[in-house]
Amino acid sequence: MKRILIVFLLIFIIGCGQPGQGRGKITGEPDGLQISFLPLQPASSLRENQDVNVGLELVNNGVCDISSEVCVTDTLSSVWAGVEEQCTSLELRGIEQVGEGVTKDSTTKQFSFPAYRGVDRDLSTSIIAKSKYNCDITAGPQLCVKPLVGQKEKECPSFEKITGDKLRATIAPITLVGVDKQLVPEQGGIKLVVAITLKKMGAGEIKGELDESTINKKGSSSALRYVPVRVEVDYRGYGSLECRELENGIFLWRKDKDQEILNCEIFLGSIDYVENPLDIKLGYEYEVSQMMPIQILDVDKQR
């Protein structure tokens, strides 16, 4: 009995010690790259003429592979030297489902900068670490469609609000958090109508530039208020849905919004009962940043 207990404890300890593994799924709420500063790298206060060392831990919590850079800079003018922008490459695999667990890729990065000089008083600044990367995902639930609206409502509701695990929402910086389905009878068949709710993760922001034709059509202020997200919605086997908020496959996401809704529909004609996937394809550029305030202490004041 003691031997069995010892073996069990060893397996438990070894399992807990494996980095980057944990229980979970690759579907859920929006998430992606996480940046955090290593302890005391930098310290919250630095003396003038003291080298600046910055250490970062970077963890990819989303499914998109990251092949980009991570850059470090500060908010103080370069007249005092210190942290002038420095970048290094960043390669992280997306999360993967392994049995009942999820593997996450992570890494640490070290930066070294010259000391702040010529400080004639205590100054404050903030060290900023940021990374921008591209993400393309496909997510979406299976939707049932039937030939007669109002019949067999238990098996296939004519109106349905889909959330949670049924969404099959791929974890990424922007993903879907809800689908409202409606079946509408029309002459010659059935129309499938969906309202798709998309949400971005709490940290970071969508990046990207609007093309000139969009700016000319919407006005120059649109370049300041909106960012582009590529969207394609397809009911598998029946083709693409028309979404009134899309233009040439581009959705203009309001920069001040964390959540947006797309309204899409497709006429399916006269059909038998089907239960096919709704494929929602998203493509975008996303930037995550982390900031740490520090104090630079005037050496003369410390004497």
Side-chain angles (χ1 to χ4, degrees), residues 24-31 62-64 94-97 100 102 135-201 206 228-254 257-284:
K25 300 177 181 179
I26 59 172
T27 57
E29 288 289 310
D31 207 343
V63 299
C64 289
I95 57 174
E96 297 177 344
Q97 190 86 44
E100 294 185 356
V102 168
C135 189
D136 293 274
I137 66 165
T138 299
Q142 280 187 252
L143 298 182
C144 66
V145 178
K146 58 192 178 184
L148 293 173
V149 172
Q151 292 190 350
K152 297 183 179 179
E153 286 297 308
K154 287 187 178 180
E155 292 85 353
C156 180
S158 301
F159 299 85
E160 191 174 5
K161 191 176 187 68
I162 303 166
T163 58
D165 289 344
K166 289 184 178 181
L167 272 177
R168 298 175 186 173
T170 305
I171 295 177
I174 305 172
T175 193
L176 66 156
V177 292
V179 172
D180 291 335
K181 180 198 85 173
Q182 181 180 356
L183 300 180
V184 179
E186 290 196 351
Q187 186 175 357
I190 295 291
K191 178 187 287 186
L192 171 63
V193 179
V194 293
I196 301 165
T197 304
L198 302 174
K199 185 180 178 181
K200 65 180 282 293
M201 61 187 278
I206 308 164
V229 176
R230 300 187 307 280
V231 181
E232 182 181 332
V233 183
D234 183 270
Y235 189 56
R236 188 87 60 86
Y238 289 87
S240 297
L241 280 70
E242 292 185 9
C243 305
R244 62 172 177 257
E245 292 84 5
L246 298 186
E247 188 166 333
N248 298 323
I250 298 295
F251 175 67
L252 300 184
W253 189 294
R254 282 265 308 249
K257 286 195 172 184
D258 291 333
Q259 198 163 285
E260 292 275 20
I261 296 177
L262 296 176
N263 295 281
C264 309
E265 60 183 46
I266 182 173
F267 180 67
L268 301 174
S270 179
I271 63 170
D272 293 323
Y273 180 92
V274 294
E275 192 170 352
N276 291 352
L278 181 72
D279 290 333
I280 302 165
K281 300 177 184 178
L282 305 175
Y284 47 86

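- At distances below 3.5 Å, at least one donor-acceptor pair connects side-chain atoms of Thr175 with backbone N or O atoms of Thr170.
- In this structure, Lys199 contributes its side chain and Pro173 its backbone to no donor-acceptor pair below 3.5 Å.
- Side-chain atoms of Val177 and Glu29, non-hydrogen and from C-beta on, do get closer than 4.5 Å to each other.
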Mind running side-chain contact (heavy atoms from CB on, under 4.5 Å) on Val145 and Ile271 for me, showing each step along the way?
CA-CA 8 Å; Val145 178; Ile271 63 170; 3.2 Å; yes
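- Between Lys181 and Cys156 the shortest side-chain heavy-atom distance falls below 4.5 Å.
- Residues Tyr238 and Val274 meet the side-chain proximity criterion, which asks for heavy atoms closer than 4.5 Å.
- Side-chain contact between Thr27 and Leu167: absent, with no pair of heavy atoms (C-beta onward) separated by less than 4.5 Å.
- Remark: Ile190 CD1 to Ile266 CD1 distance equals 13.0 Å, nearest 0.5 Å.
- More than 12 heavy atoms of other residues, nucleotides or ligands lie within 6.0 Å of CG in Asp136, so this atom counts as buried by the packing criterion.
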Checking side-chain hydrogen bond (donor to acceptor under 3.5 Å, both in side chains) for the pair Ser158/Gln182: CA distance, chi angles, key distance, verdict?
CA-CA 6 Å; Ser158 301; Gln182 181 180 356; over 6 Å; no
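- At a threshold of 4.0 Å, the pair Asp272-Lys146 does not count as salt-bridged, since none of the basic side-chain nitrogens sits closer than that to a carboxylate oxygen.
- Note that OG1 of Thr138 and CG of Asp279 are 6.0 Å apart. Values are rounded to the nearest 0.5 Å.
- Looking at heavy atoms from C-beta onward, Phe251 lies out of side-chain contact with Pro228 at the 4.5 angstrom threshold.
- Distance check, rounded to the nearest 0.5 Å: OH of Tyr235 to CD1 of Ile280 gives 12.5 Å.
- The main-chain N or O of Leu148 is never found under 3.5 Å from a side-chain atom of Gln151 such that the two would form a donor-acceptor pair.
- At distances below 3.5 Å, at least one donor-acceptor pair connects side-chain atoms of Tyr284 with backbone N or O atoms of Ile174.
- Residues Asp180 and Phe159 are not in side-chain contact: their nearest non-hydrogen atoms beyond the backbone lie 4.5 Å or more apart.
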Using side-chain contact (heavy atoms from CB on, under 4.5 Å), reason through Ile196 and Val233 one step at a time and then give a plain yes or no.
CA-CA 10 Å; Ile196 301 165; Val233 183; 3.9 Å; yes
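- Of all heavy-atom pairs spanning Leu176 and Pro141, the tightest one is CD1-CD, 4.3 Å.
- Taking CD from Glu260 and CG from Leu198, the interatomic distance works out to 8.0 Å, rounded to the nearest 0.5 Å.
- Around atom CD of Gln259, more than 12 heavy atoms belonging to other residues, nucleotides or ligands sit under 6.0 Å away.
- Phe267 approaches Glu186 most closely through the heavy-atom pair CD1-OE1, 3.8 Å.
- Counting only heavy atoms from C-beta outward, the side chains of Leu183 and Leu192 approach each other to under 4.5 Å.
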Verify side-chain contact (heavy atoms from CB on, under 4.5 Å) between Leu262 and Val231, making sure each step is shown before the conclusion.
CA-CA 10 Å; Leu262 296 176; Val231 181; 3.6 Å; yes
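- Side-chain polar atoms of Glu245 and Asn263 form a donor-acceptor pair below 3.5 angstrom.
- The CG atom of Leu278 sits 8.0 Å away from atom CG of Asp234, with the distance rounded to the nearest 0.5 Å.
- The closest donor-acceptor contact from the side chain of Asn276 to the backbone of Arg236 lies under 3.5 Å.
- To the nearest 0.5 angstrom, Glu232 atom CD is 9.5 Å from Cys243 atom SG.
- In terms of heavy-atom proximity, Ile171 sits nearest to Lys25 at CD1-O, 3.4 Å.
- Within the 3.5 Å criterion, the main-chain N or O of Ala139 finds no donor-acceptor partner in the side chain of Lys281.
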For the pair Gln142 and Arg168, evaluate side-chain hydrogen bond (donor to acceptor under 3.5 Å, both in side chains) and give the outcome as yes or no after the intermediate values.
CA-CA 9 Å; Gln142 280 187 252; Arg168 298 175 186 173; 3.1 Å; yes
Might you work through the side-chain contact (heavy atoms from CB on, under 4.5 Å) test for Val229 and Ile206, ending with a clear yes or no?
CA-CA 8 Å; Val229 176; Ile206 308 164; 4.2 Å; yes
